[in-house]
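These notes concern the structure reproduced below.
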Amino acid sequence: MTLPTPIVLDCDPGHDDAMAILLAAAHPAIELLGITTVSGNGSLEKVTYNAQRICALANITVPIARGANDPMAGKASAAPTIHGATALDGAELPEPTFKLSPLSAVELIADLVRNCDRKVTLIPTGPLTNIAMFLQAHPELHDRIEHISFMGGSTERGNWTPYAEFNIWADPEAADIVLRSGLPLIMSGLNITHQALATSEVLDRISKLDTKLAHTIVDLLKFFADTYRDVFGMPDPPVHDPVALAIIIDITVAKLVSAPVSVELTGELTRGATVVDLHGTTGQKANVDVAMELDVEKFWNMLIDAIAALGA
Ligand code: RIB
Ligand code: CA
């Protein structure tokens with residue numbers, strides 16, 4: 001019998017991060033060891049409170065630890081225009097039901113990795129600050145990491161600047177450390193996550209589950225849809241973050257290509273851009289498996305089945 005894949009989810013909830021938390025908690029192929037938070041969609045305080053509230057909503061009890069408030073270079077910047085003032089606007093959420101871990105994100109990740117009987121997969125769905133700090137602080141644990149499957153970057157244009165995606169833009173130095181780590185990396189950039197659209201048909205399917213959790217998720221995604229329509233003119237919102245986890249659950253959910261990926265650190269107009277060499281023009285060695293095509297039906301079936309499994 002195949003054991004579930006042990007993971008740590010490092011996130012900045014955020015509507016799509018919240019969906020990744022639910023998928024991680026519900027799917028039988030995943031053992032969610034813990035959640036760590038990083039400022040991004042909102043301040044560290046807001047995204048941590050949101051991680052606690054999503055866990056309370058779905059009766060998830062795993063350790064949650066606060067991580068970095070600021071990027072490795074510079075100051076934090078939040079994305080209130082997309083996720084609202086709370087960083088998770090759109091629905092009434094319950095208050096936390098348990099206290100945060102006393103450990104920092106880096107210490108919790110180290111603890112969970114050190115004590116797990118299997119190699120652990122890290123799933124970052126926000127800026128990569130915590131992950132980079134963990135890799136720098138614990139080189140002795142690198143061989144205990146199975147994959148780092150991150151949502152971030154893009155093989156095409158950006159969403160926060162013309163060429164930079166928000167998670168990478170928010171902490172390019174951290175992304176550079178992760179990309180140079182030599183660990184097995186899987187990148188789910190905007191080029192694939194923009195295929196994970198929460199269409200009206202998807203919302204109807206979730207609504208028909210007719211649980212409090214399902215109705216709350218629909219309300220959250222409707223808020224997300226409104227801001228994405230207002231800010232980006234997209235008719236349906238891309239639910240980015242669960243894609244990085246879905247690939248770990250079932251690698252056939254996406255087509256992956258191995259390619260050299262680096263991050264621009266000094267470009268006046270392009271800082272934070274991921275430079276993905278899909279055609280071997282740089283002569284660099286491939287360091288990332290880049291997700292290119294999403295099996296949309298398989299993805300949404302996986303997510304909606306997870307919401308159903310959580311009941312609540
Ligand atoms: O660019 C999309 C990413 O930025 C997603 O992870 C979203 O949650 C925000 O963090
Ligand atoms: Ca996120």
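Whatever order the structure lists ligands and atoms in, that order sets their numbers, starting from 1. All figures in this text were calculated on a predicted structure; none of them were measured in a lab.
In Asp16, the part holding a heavy atom less than 4.0 Å from any atom of ligand 1 is the side chain. At a heavy-atom distance under 4.0 Å, only side-chain atoms of Asn159, from C-beta outward, approach ligand 1. Only the side chain of Asp12 comes within contact range of ligand 1, with a heavy atom under 4.0 Å; no backbone atom does.
The aromatic rings of Phe224 and His15 lie parallel to each other, with less than 30° between the two planes, well short of the 60° mark. Relative orientation of the Tyr228 and His194 rings is perpendicular, given thresholds of 30° and 60° on the angle between their planes.
In summary, Thr125 places an N/O/S atom under 3.0 Å from the Ca ion (ligand 2), meeting the contact criterion. Coordination check, Asp12 versus the Ca ion (ligand 2): passed, since an N/O/S atom of the residue sits under 3.0 Å.
Remark: minimum distance from atom 6 (O) of ligand 1 to any protein heavy atom is reached at Asp241 OD1, 2.6 Å. For atom 4 (O) of ligand 1, the closest non-hydrogen atom on the protein side is Asn167 OD1, 3.3 Å.
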List the steps, then state whether salt bridge (Lys or Arg N to Asp or Glu O under 4.0 Å) holds for Glu31 with Arg118.
CA-CA 11 Å; Glu31 181 185 351; Arg118 286 151 286 157; 2.6 Å; yes
Please report the C-alpha distance between Thr193 and Gln195 in whole Å, then the side-chain angles of each, then the deciding distance to 0.1 Å, and finally whether the side-chain hydrogen bond (donor to acceptor under 3.5 Å, both in side chains) criterion is met.
CA-CA 5 Å; Thr193 65; Gln195 301 169 43; over 6 Å; no
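Of all atoms in ligand 1, numbered sequentially from 1 with element shown, those under 4.0 Å from a heavy atom of Met151 are 2 (C), 3 (C), 5 (C), 6 (O). Against a heavy-atom cut-off of under 4.0 Å, Phe166 is close to the following atoms of ligand 1: 1 (O), 4 (O), 9 (C), 10 (O). Within ligand 1, the atoms closer than 4.0 Å to a non-hydrogen atom of His240 are 2 (C), numbered from 1 in the order shown. Using a 4.0 Å cut-off to heavy atoms of Asn41, the atoms of ligand 1 that qualify are 7 (C), 8 (O), 9 (C), 10 (O). For ligand 1 and Asp17, the ligand atoms under 4.0 Å from any heavy atom of the residue are 8 (O).
On a distance-only criterion, Thr125 and ligand 1 share at least one N/O pair closer than 3.5 Å.
The residue among Glu165, His15, Met19, His194 with a heavy atom at the shortest distance from atom 3 (C) of ligand 1 is Glu165.
Cluster annotation: Val106 and Met72 are assigned to the same hydrophobic cluster (Ile/Leu/Val/Met/Phe/Trp/Tyr, side-chain heavy-atom contacts under 4.5 Å, transitive). Note: the hydrophobic cluster containing Val243 does not contain Ile148 (ILVMFWY, side chain heavy atoms under 4.5 Å, direct or indirect links).
Side-chain atoms of Asn41 do not come within 3.5 Å of backbone N or O of Ala87 as any donor-acceptor pair. No donor-acceptor pair closer than 3.5 Å links the side chain of Thr274 to the backbone N or O of Val276. Using a distance-only test at 3.5 Å, with no hydrogens or angles considered, no donor-acceptor pair links the side chain of Thr36 to the main chain of Ala105.
The Ca ion (ligand 2) lies closest to atom OD2 when only the N/O/S atoms of Asp241 are considered.
Classification of Lys222 and Asp226 as a salt-bridged pair fails, no side-chain N sitting under 4.0 Å from a carboxylate O.
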